[in-house]
Amino acid sequence: DLQIGFYNTSCPTAESLVQQAVAAAFANNSGIAPGLIRMHFHDCFVRGCDASVLLDSTANNTAEKDAIPNNPSLRGFEVITAAKSAVEAACPQTVSCADILAFAARDSANLAGNITYQVPSGRRDGTVSLASEANAQIPSPLFNATQLINSFANKTLTADEMVTLSGAHSIGVAHCSSFTNRLYNFNSGSGIDPTLSPSYAALLRNTCPANSTRFTPITVSLDIITPSVLDNMYYTGVQLTLGLLTSDQALVTEANLSAAVKANAMNLTAWASKFAQAMVKMGQIEVLTGTQGEIRTNCSVVNS
Ligand code: HEM
Ligand SMILES: *[C@@H]1O[C@H](CO)[C@@H](O)[C@H](O)[C@H]1NC(C)=O
Ligand SMILES: *[C@@H]1O[C@H](CO)[C@@H](O)[C@H](O)[C@H]1NC(C)=O
Ligand SMILES: *[C@@H]1O[C@H](CO)[C@@H](O)[C@H](O)[C@H]1NC(C)=O
């Protein structure tokens with residue numbers, strides 16, 4: 001099992017070195033925080049939190065990094081590389097890439113939202129990374145409430161934790177192709193998703209061409225109210241039909257999810273505390289420990 005302070009003896013500076021690398025990158029680009037929080041989520045949902053998301057594709061294998069939900073939108077890899085270099089210089093072959101990513105996501109939540117929590121560690125790094133698994137396991141922005149609940153349930157997360165963690169969409173951005181389904185040729189009279197605010201839809205149509213692909217370099221903030229603060233205004237936005245993705249707006253299509261949205265919108269401290277707990281739980285999905293896996297030397301390639 002994982003333990004808080006796993007590296008206290010073997011590498012006492014590990015967590016502070018990661019924090020310094022994340023803080024330095026964040027000072028230059030605050031988009032690093034949403035990037036690293038999402039990267040940890042995408043790691044944990046595919047083969048558990050084993051840093052499989054960090055492995056590069058090879059001549060014989062298309063890795064998770066190159067799956068549809070990750071390429072090109074996942075960002076912050078260079079911050080993990082910098083953190084790993086600093087940690088390897090202090091304590092060679094001791095700290096896993098999976099733990100560095102979990103620490104970096106926690107430091108991001110602190111920098112973007114003053115949300116603080118301790119991260120149990122001792123994860124080991126996996127040696128397998130398949131784009132096909134990322135394509136299958138990472139929830140789609142087109143999912144409805146039932147699909148979202150099932151996707152998280154499959155990773156041992158409850159519907160309430162799914163709603164709580166969706167609050168990560170209080171920071172960061174989405175590429176147009178993640179939500180143009182709602183703006184053009186939608187299966188309704190106007191061709192626009194009726195559960196999206198009409199004035200917001202008009203603004204989004206002005207920003208996003210109908211033929212956008214995931215490589216079209218236009219992005220929109222996920223939380224229109226406080227786009228760069230990790231807070232509960234995302235839930236207020238969803239209540240006002242300002243949720244950007246189909247999956248965001250889906251959180252108010254079922255009574256019990258909607259009740260969780262309302263509770264989170266009303267109480268920042270309660271949501272922040274639930275978010276911290278849910279991040280810790282997400283960080284324990286199917287982890288490798290003990291002598292399983294390896295401590296990768298370079299986070300983008302398996303040890304030789
Ligand atoms: C509930 C199911 C979820 C779906 C369907 C979903 C889907 C998405 C999509 C489509 C994007 C935009 C990607 C792009 O177009 O660039 C996005 C961004 C993001 N997601 Fe999620 N997500 C979900 C849950 C989560 C969770 C659990 C977390 C973390 C705890 C998370 C954190 C983020 C963050 C921080 C961003 C912004 C990334 C950036 O600015 O680089 N999401 N998500
Ligand atoms: C951050 O949160 C702590 C309590 O957890 C509080 O004491 C502190 O004032 C907050 N800092 C900021 C900048 O809001
Ligand atoms: C998740 O889904 C996979 C494949 O459908 C299944 O093998 C696994 O048991 C499920 N896990 C949980 C916790 O439901
Ligand atoms: C809502 O209902 C679903 C299906 O009955 C259940 O699995 C889930 O735990 C409930 N969600 C919340 C947030 O309580």
Side-chain angles (χ1 to χ4, degrees), residues 30-31 33-38 40-42 44-45 105-106 108-117 138-153 155 157-174 178-179 181-182 193-201 203-204 219-283:
S30 62
L36 293 171
I37 291 172
R38 182 171 183 237
H40 183 45
F41 162 51
H42 284 200
C44 294
F45 263 53
R106 177 268 309 274
S108 295
N110 186 34
L111 289 160
N114 195 26
I115 293 174
T116 309
Y117 57 93
I138 292 169
S140 159
L142 307 182
F143 273 6
N144 64 28
T146 307
Q147 292 169 313
L148 292 170
I149 291 169
N150 290 342
S151 160
F152 280 65
K155 301 295 170 189
L157 295 168
T158 66
D160 191 55
E161 287 164 340
M162 185 273 289
V163 175
T164 299
L165 288 168
S166 294
H169 289 182
S170 138
I171 52 174
V173 299
S178 295
F179 54 86
N181 66 300
R182 310 183 69 192
D193 185 342
T195 68
L196 178 62
S197 151
S199 54
Y200 190 35
L203 189 143
L204 293 171
T219 59
V220 173
S221 292
L222 283 157
D223 172 6
I224 192 182
I225 305 175
T226 52
S228 54
V229 186
L230 183 60
D231 63 9
N232 61 341
M233 293 311 285
Y234 160 82
Y235 299 101
T236 300
V238 168
Q239 291 182 308
L240 296 173
T241 69
L242 297 170
L244 185 60
L245 310 175
T246 297
S247 54
D248 293 321
Q249 207 55 48
L251 301 186
V252 288
T253 60
E254 271 201 19
N256 64 349
L257 297 185
S258 193
V261 168
K262 185 177 178 187
N264 290 334
M266 289 196 313
N267 191 334
L268 172 63
T269 3
W271 167 75
S273 151
K274 284 168 62 180
F275 182 77
Q277 285 177 52
M279 286 293 284
V280 169
K281 183 168 167 191
M282 185 180 84

Residues A109 and F275: closest non-hydrogen pair is CB-CE2, 4.5 Å
By side-chain hydrogen bond (donor to acceptor under 3.5 Å, both in side chains), N267 pairs with (sequence neighbours left out) T269
Notebook entry, point to check: Is there a donor-acceptor contact under 3.5 Å from the side chain of R182 to the main chain of L244?
Noted result: yes
*asked:* Looking at Y200 and T241, would you say the former's side chain and the latter's main chain have a donor-acceptor pair under 3.5 Å?
replied: no
Residues L148 and P139: closest non-hydrogen pair is CD2-CB, 4.4 Å
Next on the checklist: Checking the side chain of S258 only, and the main-chain atoms of A255 only, is there a donor and an acceptor separated by less than 3.5 Å?
Outcome noted: no
One should read off an interatomic distance between Q249 CD and Q239 CD, to the nearest 0.5 angstrom, of 10.0 Å
Rounded to the nearest 0.5 Å, the CZ atom of F179 sits from the OG atom of S247 at a distance of 12.0 Å
Report task. Check the angle between the aromatic planes of F41 and F45 and answer parallel, tilted or perpendicular using the 30° and 60° thresholds. Result -> perpendicular
Can you confirm whether I149 sits close enough to E254 that some side-chain heavy atom of one is under 4.5 Å from a side-chain heavy atom of the other? yes
Taken to the nearest 0.5 Å, the spacing of S170 OG from W271 CH2 works out to 5.5 Å
inquiry  = Assess the residue pair L157 and M162 against the criterion (side-chain contact (heavy atoms from CB on, under 4.5 Å)); give the C-alpha distance rounded to whole Å, side-chain angles, the decisive distance to 0.1 Å, and a yes or no.
reply    = CA-CA 7 Å; L157 295 168; M162 185 273 289; 5.9 Å; no
Check your understanding: Distance only, no hydrogens: is a donor on one side chain within 3.5 Å (strictly under) of an acceptor on the other, for N110 and Y117?
Key -> no
Within a strict 4.5 Å, meaning less than it, do heavy atoms of the Y234 and D248 side chains meet? yes
### Query
Should L242 and L196 be marked as a side-chain contact (heavy atoms from CB on, under 4.5 Å) after you check the CA-CA gap, both sets of side-chain angles, and the distance that decides it?
CA-CA 6 Å; L242 297 170; L196 178 62; over 6 Å; no
Could you go step by step and tell me if D231 and D223 meet the side-chain contact (heavy atoms from CB on, under 4.5 Å) rule? CA-CA 10 Å; D231 63 9; D223 172 6; 3.8 Å; yes
Nearest heavy-atom contact between S30 and P34 is O-CD, 3.3 Å
_Distance-only polar pair, side chains of T246 and N181, donor-acceptor under 3.5 Å_ = yes
Distance col, row M233:CE vs T226:OG1, nearest 0.5 angstrom, shows 6.0 Å
Under 3.5 Å: donor-acceptor pair, side chain of Y235, backbone of V163: yes
### Donor-acceptor contact present, side-chain Q147 to main-chain N144, <3.5 Å
yes
Of all heavy-atom pairs linking T253 and A145, the shortest is OG1-CB, 3.6 Å
Smallest heavy-atom separation, I171 atom then L222 atom, equals O-CD1, 3.8 Å
- Message: For K262, I'd like to know if atom NZ has over 12 heavy atoms of other residues, nucleotides or ligands within 6.0 Å.
- Response: no
Hey, mind stepping through L245 and S178 against side-chain contact (heavy atoms from CB on, under 4.5 Å) and telling me if it holds?
CA-CA 7 Å; L245 310 175; S178 295; 3.9 Å; yes
Nearest heavy-atom contact between T164 and A278 is CG2-CB, 4.2 Å
Original post:
Does a side chain donor of either T158 or D160 reach within less than 3.5 Å of an acceptor in the other side chain?
Top reply: no
Rounded to the nearest 0.5 angstrom, the OG1-CD1 distance for T236 and I224 is 13.0 Å
Salt bridge (charged side-chain N to carboxylate O under 4.0 Å, His left out) pairs touching residues 263-272, sequence neighbours excluded, are none
Any side-chain heavy atom of H40 within less than 4.5 Å of one from M282? yes
Distance col, row S197:OG vs L240:CG, nearest 0.5 angstrom, shows 9.0 Å
Check your understanding: Is any side-chain heavy atom of M279 closer than 4.5 Å to a side-chain heavy atom of I37?
Key -> yes
